**Student:** 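Pasting a structure here, questions to come.
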Amino acid sequence: MKTKGLIDIAELTADELDDLMTVAEDIIANPADYAEACHGKKIATLFYEPSTRTRLSFESAMLELGGSVLGFSSASSASVSKGESVADTARTVECFADVIAMRHPKEGAPLVAQMHVNIPVINAGDGGHNHPTQTLADLLTIKRELGRLDNLVIGCCGDLKFGRTVHSLVTAMSRYPGVRFIFISPDELRVPEHVRTEVLDRNGIPYEETTSLEEAMSKLDVLYMTRVQKERFFNEADYLRLKDSYILTPDKLKTAKPEMRVLHPLPRVNEISVDVDEDPRAAYFRQVKNGKFMRMALILKVLGISVKGGNVK
Ligand code: NCD
């Protein structure tokens, strides 16, 4: 492996996660101090799958650091449509940019890119596998909303099988003491075996699985809702059968703790009713903002740029 980006959230220690959050909070407090930090630097956003937040968040993060952006937002507009490999595309882009953020439908594609270039590659979501920078947004949101990342009961609800954001979140939260999970999903969309054995069991993290959101609600400090990942289903009939499994409404929130927070990586389809948006516990749009600040902190880290001396290792 060459110059290190971020492929899997497991690459970051709890201290490194804390450092990134410290930098992000300093950026929030003192944005002007960072306005030229990446002057002359370029990020390439290579998105082979649709995205609104993640791509624009990376791009606005780099712009707010004084850098510039280039890239593509669909596979059909890039040479992959002519048959180019990820490795060749990455080697080409390395000639133009200082850091790559890549989203790809195939698990492992950003890792392949990282193996072929000497600039950092950041995984912006690879198939049903991982989404480490969404997790950075999630962590900062939980910290800012609840004041801590330890001793929390986290409910993950929806498509826990294909939902890559859940896989990364579970991995990261397993680093904090006193964290417990309640996984709420239909049987067909349970959290994958490899996450249960390699992350939860290996680290001795307690968890329960249930099909009932109502039963879990009152126990939760965080409710992490997810979209049923239509694009990863093998047949339409299964998707149609499972897509409306959970719909969060103000009524269902009645038994939730007053300080519980609802997170969602977005986009939502119908799994959170828009009537929930005005509830102070609905944190998903604040989560989007936090994502930009964490991506700013991450870009500084992978480029080895320290603004305040020592914060970004
Ligand atoms: C998520 C993703 O792409 O995995 N979106 C995002 O990046 N915020 C979640 C999803 O698409 O459902």
Side-chain angles (χ1 to χ4, degrees), residues 6-9 43 45-61 71-75 100-111 121-142 154-173 183-186 189 191-192 195 222-233 238-239 242-248 261-272 277 282-296 298-299:
L6 178 64
I7 303 299
D8 188 321
I9 198 74
I43 190 166
T45 51
L46 311 184
F47 277 59
Y48 295 80
E49 262 194 347
S51 168
T52 300
R53 269 151 298 275
T54 306
R55 186 173 60 82
L56 296 181
S57 176
F58 269 113
E59 295 186 357
S60 78
F72 53 81
S73 57
S74 77
I100 290 174
M102 177 184 285
R103 167 169 291 189
H104 201 286
K106 282 215 181 98
E107 287 82 1
L111 175 65
V121 176
I122 300 172
N123 179 1
D126 62 328
H129 187 219
N130 266 304
H131 194 343
T133 63
Q134 180 61 48
T135 301
L136 297 179
D138 303 342
L139 296 186
L140 184 62
T141 305
I142 296 170
I154 305 195
C156 299
C157 177
D159 185 348
L160 311 186
K161 178 180 180 185
F162 297 117
R164 55 194 175 194
T165 62
V166 170
H167 309 156
S168 294
L169 180 67
V170 170
T171 305
M173 287 307 298
F183 296 117
I184 306 146
S185 75
L189 299 179
V191 78
V195 175
V222 173
L223 171 58
Y224 195 91
M225 294 295 295
T226 62
R227 172 180 71 90
V228 176
Q229 306 280 296
K230 182 179 184 187
E231 65 276 34
R232 313 221 189 277
F233 275 69
D238 284 350
Y239 170 71
L242 295 168
K243 74 182 177 58
D244 297 327
S245 299
Y246 302 99
I247 298 178
L248 184 65
R261 288 296 183 270
V262 181
L263 274 67
H264 189 311
L266 303 178
R268 91 174 123 190
V269 182
N270 62 346
E271 58 280 356
I272 302 180
D277 296 359
Y284 28 92
F285 288 108
R286 299 192 287 278
Q287 191 180 352
V288 176
K289 258 196 193 158
N290 290 329
K292 181 187 71 182
F293 297 119
M294 286 303 271
R295 290 186 176 97
M296 290 171 82
L298 180 65
I299 290 169

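The shown structure was predicted, so the numbers you read here are calculated from the model rather than taken from an experiment. Just so you know, ligand 1 is whichever comes first in the structure, and atom 1 is the first atom listed for that ligand.
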**Student:** Treating R103 as the side-chain partner and A124 as the backbone partner, does any N or O pair qualify as donor plus acceptor under 3.5 Å?
**Tutor:** yes
**Student:** Tell me which one of T133, L136, T135 satisfies side chain to side chain contact (heavy atoms under 4.5 Å, CB included) with M294.
**Tutor:**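 Of the listed residues T133, L136, T135, the side chain to side chain contact (heavy atoms under 4.5 Å, CB included) partner of M294 is L136.
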**Student:** For T45 and R55, which I'm curious about, is there any donor-acceptor pair between the side chains at under 3.5 Å?
**Tutor:** no
**Student:** Do R164 side-chain atoms and G127 backbone N/O form a donor-acceptor pair below 3.5 Å?
**Tutor:**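 Between the backbone of G127 and the side chain of R164 there is a qualifying donor-acceptor contact (under 3.5 Å).
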**Student:** Report all protein residues having a heavy-atom distance below 4.0 Å to some atom of ligand 1; order the list by chain, then number.
**Tutor:** T54, R103, H131, Q134, R164, T165, R227, Q229, P265, L266, P267
**Student:** Look at the side chain of E49 and the backbone N and O of F47, then say whether any donor-acceptor pair between them is shorter than 3.5 Å.
**Tutor:**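 Such a contact is absent between E49 side chain and F47 backbone.
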**Student:** Using a 3.5 Å cut-off and no angle test, enumerate the donor-acceptor pairs between side-chain atoms of residues 104-111 and protein atoms at least two apart in sequence or in another chain.
**Tutor:**
{"from": "H104", "atom 1": "ND1", "to": "K106", "atom 2": "N", "distance (Å)": "3.0"}
{"from": "E107", "atom 1": "OE2", "to": "G128", "atom 2": "N", "distance (Å)": "2.7"}

